[in-house]
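Written below as structure tokens is the structure these notes are about.
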Amino acid sequence: MPASEDGQWTMPAKNVQNTRFSGLNQINTSNVGQLKVAWTFSTGVDRGQEAAPIVVGDTMYVVSPYPNILYALDLKNNGAQKWKYDPHPQQASPGVACCDTVNRGAVFDNGKVFINTLDGNTCAVDAATGKELWKTKLGDINQGETITMAPLVVKGKVIVGNAGGEFGVRGWIAALDEDTGKVAWKAYSAGPDTDALIGPDFHPFYAMDQGKDLGVTSWPPDQWKLGGGTVWGWVSYDPDTDLLYYGTGNPGVWNPELRPGDNKWGSTIFARKPDTGAAVWAYQLNPHDLYDHDEVNENLVIDLPINGETRKVIIHPGRNGFMYVMDRTTGQVLSATSYVYETAAKGVDLQSGRLIPNKDKEPKTNQVVREICPASPGAKDWQPTAYSPQTGLVYIPHQNLCMDYEGVDANYIAGTPYVGANTKFYAGPGGNRGFFTAWDPIHNAPAWQIKENFPVWSGTVVTAGDVAFYGTMDGWFKAVNAKSGELLWQFKTGSGIIGQPVTYKGPDGKQYVAILSGIGGWPGALVSGDLDPDDDTAAGGWGAGLRDLKDATTKGGTLYVFSLP
Amino acid sequence: MRLRLLIAAIVLLTGISLIACEREERGFRVQTPDTNRVNNKQLVDLQAGQPSKTPDTPNDYENNAQALADGKQLFQQMNCTGCHAHGGGSIGPALMDDKWIYGNRPEQIFSTIVEGRPNGMPSFRGKLPDYKVWQLAAYVRSLSGQAPSHAAPGRDDDLQVGKPENSQDKKKPQNSTASKSAEAPQ
């Protein structure tokens, strides 16, 4: 067990580097087959459960989907409830949540638990008593803003970003003082450099990202005000470079013909200083995004031997289908390798840094373009990957989808969707809609891959016991051998799984594995929202892609905790 | 070549005018329903005291092809599609199925649109004149086959997303016991 492993799980991604690697090895490839349910807990909400339960000492904290109730559970007493905290989000907020009323988890720091609420608040709660310490309103549902991401705490600051890219909002990331809830800085994605906190420290690697006020000049006049670039995914931090890394969402209005230009800073990775928010570099993965390819996916902070040299990199499994290995000090792309079937783009030009789109697959207004792969949810959506320093592999839960896309006119009415596209998704080659892939980031190739019938919409964790865990949308929680992908154990939970598995050492010294079961999220809204898949565009295109999901699972909201007997 | 084009144009024009005539017969000059009566309808089967029969407010737009076509356009322009897709639902509930939280009667749908509903249906009060809301309400009902097939919209030029409105099976509306789209308030 590495010395740094304390057996806790204090933030959804396990550590600021976002590796989701646990040094625990009590549960391993030889005994994982004996896992049994230790205890369960109902969140009381039957919408999509995307949260990671977190563990601090002898307490577990779980936040439910809207209405975002935070529970403290006693690990010394089979998860009995210690207290609960109800932040009372506005009842209308589900109306502006594009993709079910999910919440991706709480985070602990310095005696406090922090959560975001669907109606755009960040709350700090006393970890011992559940008493509210402060609550800061950051978003406005009348503008279509929500918050679904899990905060990250770095150097006494709570880092938060908004969601609402389907509502023409302006995306931002903000840092709140952990003791007072006061906003220390806030950086918008689109707009003038002053709003984006782009100043003298800013040195993007590629020429395409250099210049003044690109967040204004790369748009038709004033369109940046509806420019999206929301920050609803993962934020990571590297103590060595003292930089935050995060990606921004799609630029505002999906239909790309309505916004000529590169549309900065949508679909961009930013590196910022946590103290001031000052941008240090930016790299736009999808200039003039064509397909709702948000790039909010996690950036794993690791060091890799590349060409005989140890490089400080981030690994970004792109929604656009490319696995990016980037120098995290400069923002240079070292490699960008396609990891799914791809018709939308031909590759990434490593000279200019630019994605090379396939002209034939460019969306057009009032015209249907077919066989665009990957579809809008991308090669991988929000569901976070894990990295094991033992195997050197990145574990990626993801999907295999193509789509038909028709651009249509869009009418901006604040608080209502601003999309301008009809889409329908379907399985890519092979017919399986999901994959669980172990990726070798040095050789840029899969080590092994498991096909899944449904998109793998859950996160994953990998352990020093060489076991990786993930769940399926029809409710199977699986343990596989991290080296070979061999299925070692599976358990059928009550509902589909789209949550984040975690593992921890209980007060009794035993290792536990926990996962929330409860279908929902963007694809699972078909079940959690009781939608009608006779309409191919239900849930924004999943009607066509998951017509069979309602026959495979039912709503739920239960935490399962497993241990060896 | 020119001649052929001309003939084609004539054929097309006659075709269109024929269809247009037929449409006129289907309900020319429709009366807008009386908006004063939208609050007449009770939402639930159970009533305190003696049940009294409230009269329905029929919406003649449901028999009018032009009004339904306008309703369909409004459904797109007012961003209803963004939340309800083409009837299958996404953020908001499906409108093409048999389940209704706030009632399926034209006057109830009118109220839903104008007043909004608590779990995230925005109020469109002041955004549309009443007759357009009635057109929308008529179109909403056509999604579950409540409008006659001779008046409901047929296949259009856009991405095909399922059966067109005029070939939807007529669903038998049921009350939904629970909110489908959002968590019931705690």
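Just so it is clear: chains get the letters A, B, ... in the order the sequence lines come, proteins before strands, and each one is counted from 1.
For the pair A/Thr416/B/Phe124, a side-chain contact is recorded, criterion being any heavy-atom separation below 4.5 Å from C-beta on. Using a 4.5 Å heavy-atom threshold, the side chains of A/Asn422 and B/His86 count as touching.
Neither the backbone nor the side chain of A/Val419 comes within contact range of chain B; no heavy atoms are under 4.5 Å apart. The contact between B/Met96 and chain A is made by backbone and side chain atoms together, counting heavy-atom distances below 4.5 Å. For A/Thr537, the parts sitting under 4.5 Å from any heavy atom of chain B are the backbone and the side chain alike.
The residue among A/Cys99, A/Ala525, A/Gly420, A/Ala97 with the most heavy atom pairs within less than 4.5 Å of chain B is A/Ala97. Here B/Gly88 is the residue among B/Gly82, B/Gly116, B/Gly88 with the most heavy-atom pairs under 4.5 Å with chain A.
Note that the OG atom of B/Ser90 and the CG atom of A/Asp532 stand 12.5 Å from one another [nearest 0.5 Å]. Considering CD1 of B/Ile91 and CG of A/Leu531, their distance stands at 10.5 Å, rounded to 0.5 Å. In this structure, the separation between OG1 on B/Thr81 and CG on A/Asp535 is 10.5 Å, given to the nearest 0.5 Å. Residue B/Leu159 holds its CG atom at 8.0 Å from OG1 of A/Thr423, rounded to the nearest 0.5 Å. Atom CZ in A/Phe167 sits 9.0 Å away from atom CG in B/Asn79 (nearest 0.5 Å). Between the CD1 atom of A/Ile413 and the CD atom of B/Gln77 there is a distance of 9.0 Å, given to the nearest 0.5 Å.
Residue pairs that meet the salt bridge (charged side-chain N to carboxylate O under 4.0 Å, His left out) test with at least one member in residues 121-140 of chain B, sequence neighbours left out, do not exist here. Here salt bridge (charged side-chain N to carboxylate O under 4.0 Å, His left out) pairs that include residues 403-414 of chain A, with residues two or more places apart or in two chains, are A/Arg370-A/Asp404.
Here A/Cys373 pairs with A/Cys402 under the disulfide (SG to SG under 2.5 Å) rule; sequence neighbours left out.
Contact annotation for residues 161-170 of chain B against chain A (heavy-atom separation below 4.5 Å, listed by residue number): B/Val161, B/Gly162.
The two residues B/Gln160 and A/Lys424 have their closest heavy-atom pair at O-NZ, 2.7 Å.
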